[in-house]
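See below for the structure under consideration.
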Amino acid sequence: VLSRRTCSSFRKKASVNLFDSRGSSSLKFLSFLNVTCYSICSGDEFCSSSKRRSRGPVMAAKKAAEGEKKEEGRYKHTVDLPKTTFGMRANALVREPEIHKLWDDHQVFLRVADKNDGENFVLHDGPPYANGNLHMGHALNKILKDIINRYKLLQNYKVRYVPGWDCHGLPIELKVLQSLDEDAKKDLTPSKLRAKAAKFAKATVKAQMASFKRYGVWADWNNPYLTLDPEYEAAQIEVFGQMSLQGYIYRGKKPVHWSPSSRTALAEAELEYPEGHVSRSIYAVFRMVSAPPSTSGLLNEFLPDLGLAVWTTTPWTVPANAAVAVNAKLQYAVVEIQSLLEGDSAAPANKKSRPGNVLKDQKKVFIIVASDLVPTLEAKWGTKLVIKKTLAGSDLENCRYVHPVDNRQCPVVIGGDYITTESGTGLVHTAPGHGQEDYVTSLKYGLPILSPVDDEGKFTEEAGKFSGLDVLGDGNVAVVKYLDEQMSLIMEEPYEHKYPYDWRTKKPTIFRATEQWFASVEGFRQAAMDAIGQVKWVPPQ
C-alpha cells in the first residue's frame, strides 16, 4: 500500500517509462494508477479524524470499485477485435435440435447422397428390439454406423442407410406383461397379447427413432422397415412355406434350455451364468441286478449288494433317469464301503455335507466307482473304501440296474468324453430329457426321452408321487428325501458352480425336452455352404 505522496511520485516515473516503451498501452495502466492513488490513506500521512482513520480502508476500497465501474469499457474502441454473432457458449441443449431440424427440413442426408456420383453404399440396419428406451449399447451401435456412413459420403458414395426394428418376440411381450396387473393378465388371450404388443412396439419405434435423430444419426427415417409390416410378414411366411413343403420343418422332442419364469425355450445367447449359484448335489447308488455274460464272472459274486455310484447336481432329474453312462477308456473299481472312519477324519471333507443312510447302514455294501477317484471319495465321504476288483469301463456296458424311483430296469451305456475323473464318481446319471450329452447318448442306444416337467417347471403326473412340485424347489427336496428313505443316498452337499439363468427374469433355468417345431438344415446345408463363396464379405475374414 503506497501513500498518496509516494504513489504520486511512482506514477510520474511510471508514466514516463511506460509511455516511452509501450506507447498508448500506458494509458490504461495510468488510469489504474490514478484510481489507486486517489483513494488510499496510508500510514505515513496524518488523517485528521478518527472516523477517517477507522473507515479509511473501507471507503477507499468502495471508491476504487466505483471508479473501476466508471472506467470499464472506456478504451474498448482502441482494441480491434472481430465482430461476430456466434454465441460464446455451445448451448447444445438448444442449438443441437435446431441443427437437426435444419438437416431434416432441407433433407441434407438425401441431397448429399444424391449429389454424389460414385458407387452405391447401402447399410441395411440390424434391427434393435422395440422394447424400451435406448441405452449406451444403442448409442455405440448407431454412432459407429453413422461415422462409417459419413465417411462414405465424403468418398463420393451414394449412401443409403436403411433403419429397422424387430417388433416381434418375447422381450416385447414381457414389457407388456410387466405393465399389466394380475387381474388383467388372467383375462389376456394370445390375440389380445399380440394386439397389445403391436401397439407397444409401434409406440416404442417412434420414441427410439426420435432418440436416434437426437444422436445426430443420418438415416432414411421416413422409410424404415418394421418386422410387423404386412409385407415383411408375408415374405417370412412365403419362405417358411417353401421350407415346410420340402420337409425341412418337423415336430420333435429335444432338450432345450427352458425358463420356468418366462415359460419359454431360450437360446444360448439368452442365458447368463452369474457367480455364486449353489446347487444341491448328491451321491447316490443305483442297485445292479444283472451283468452280461461277458462280465458276469467279474461281478456276480457281489450281487445283489452291488450298486452303481453316481453324482448329480440336479437331483430332480432322477425320476427321468434312463441309463447310467461310463467311459469305455477309464478303469473302474468295485469297492466295499466298510464303515465311517473314526476320530477327526470321520467327518466328511465338506462340513456342510450330510451323509445319507447308505453310509449310516451297517450292512455290507459294494459300489462301482472310477479307480482314480477312490482316494478323493474316501476323503469326501469320510469313510473307508476297500478295492475288491477292477475292470474296464467297456466291461460295464449292458449291465442292468433298477431305477431308484419306479423300479424299472435300465442299462449301463457307453458315454462320451464328457465322462471324466475330474469330479463325481466316473459314472453319469443319464436323463435324455434333461441334458444335451444325455440326449446324444440316448439317440445311439434308443433310450426313452422322459421329461415329466411342465412349462412352469413343475413335475407332471408322469413323475408319480412328485407330481405338482416345483423341480427347483420342493421337488428337488422331495427327491433327495425319497432316495435317502430308499437307502440310495450316499451323501448330499452344496455345490457352488456356474448355472444358466434367464437373462430377462434373472432366475434359474432348467434343461427340458419339449415337443417343438424344428427347422432342419440337412436338406439345404450344401446349398448354403456353396452360397458362402458367392457372397462378398465385409471384412473378408
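- Applying the side chain to side chain contact (heavy atoms under 4.5 Å, CB included) criterion to V477, with sequence neighbours excluded, gives R280.
- For residues 225-246, every residue pair satisfying the side chain to side chain donor-acceptor pair (under 3.5 Å) rule, not counting sequence neighbours, is listed here: H168-T227, H168-E233, Q246-Y248.
- Residues passing the salt bridge (charged side-chain N to carboxylate O under 4.0 Å, His left out) test with K506, sequence neighbours excluded: E272.
- Applying the salt bridge (charged side-chain N to carboxylate O under 4.0 Å, His left out) rule to K389 yields the partners E301; only residues at least two apart in sequence or on another chain are considered.
- For residues 454-477, the set of pairs meeting the side chain to side chain donor-acceptor pair (under 3.5 Å) definition, not counting sequence neighbours, comprises D455-R512.
- Comment: D305 does not engage K364 in a salt bridge, judged by the lack of any side-chain N to carboxylate O separation of less than 4.0 angstrom.
- For D502, there are no salt bridge (charged side-chain N to carboxylate O under 4.0 Å, His left out) partners, not counting sequence neighbours.
- No hydrogens or angles considered: nothing links the side chains of T313 and S281 as a donor-acceptor pair under 3.5 Å.
- Not counting sequence neighbours, the partners of Y401 by the side chain to side chain donor-acceptor pair (under 3.5 Å) test are N321.
- For E496, there are no side chain to side chain donor-acceptor pair (under 3.5 Å) partners at least two apart in sequence or on another chain.
- For the residue pair N141 / H138, no side-chain donor-acceptor distance below 3.5 Å is found, with atom types taken as modelled.
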Task: salt bridge (charged side-chain N to carboxylate O under 4.0 Å, His left out) evaluation trace for K253 with E515 - done: CA-CA 5 Å; K253 209 171 187 182; E515 285 282 348; 5.3 Å; no
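- Among residue pairs with one or both ends in residues 414-448, those qualifying as ring pair (Phe, Tyr, Trp, His ring centres under 6.0 Å) are W316-H434; sequence neighbours excluded.
- With sequence neighbours excluded, no residue satisfies salt bridge (charged side-chain N to carboxylate O under 4.0 Å, His left out) with K196.
- A cation-pi geometry, defined here as NZ or CZ lying under 6.0 Å from the six-membered ring centre and within 45° of its normal, does not hold between K142 and Y215.
- Side chains of Q534 and D530: no donor on one and acceptor on the other come within 3.5 Å.
- For the 3.5 Å distance criterion, the side chains of S262 and T264 fail to qualify, holding no donor opposite an acceptor.
- Judged as a side chain to side chain donor-acceptor pair (under 3.5 Å), and not counting sequence neighbours, the contacts of T312 are T314.
- Not a single side chain to side chain contact (heavy atoms under 4.5 Å, CB included) links A235 to another residue, sequence neighbours left out.
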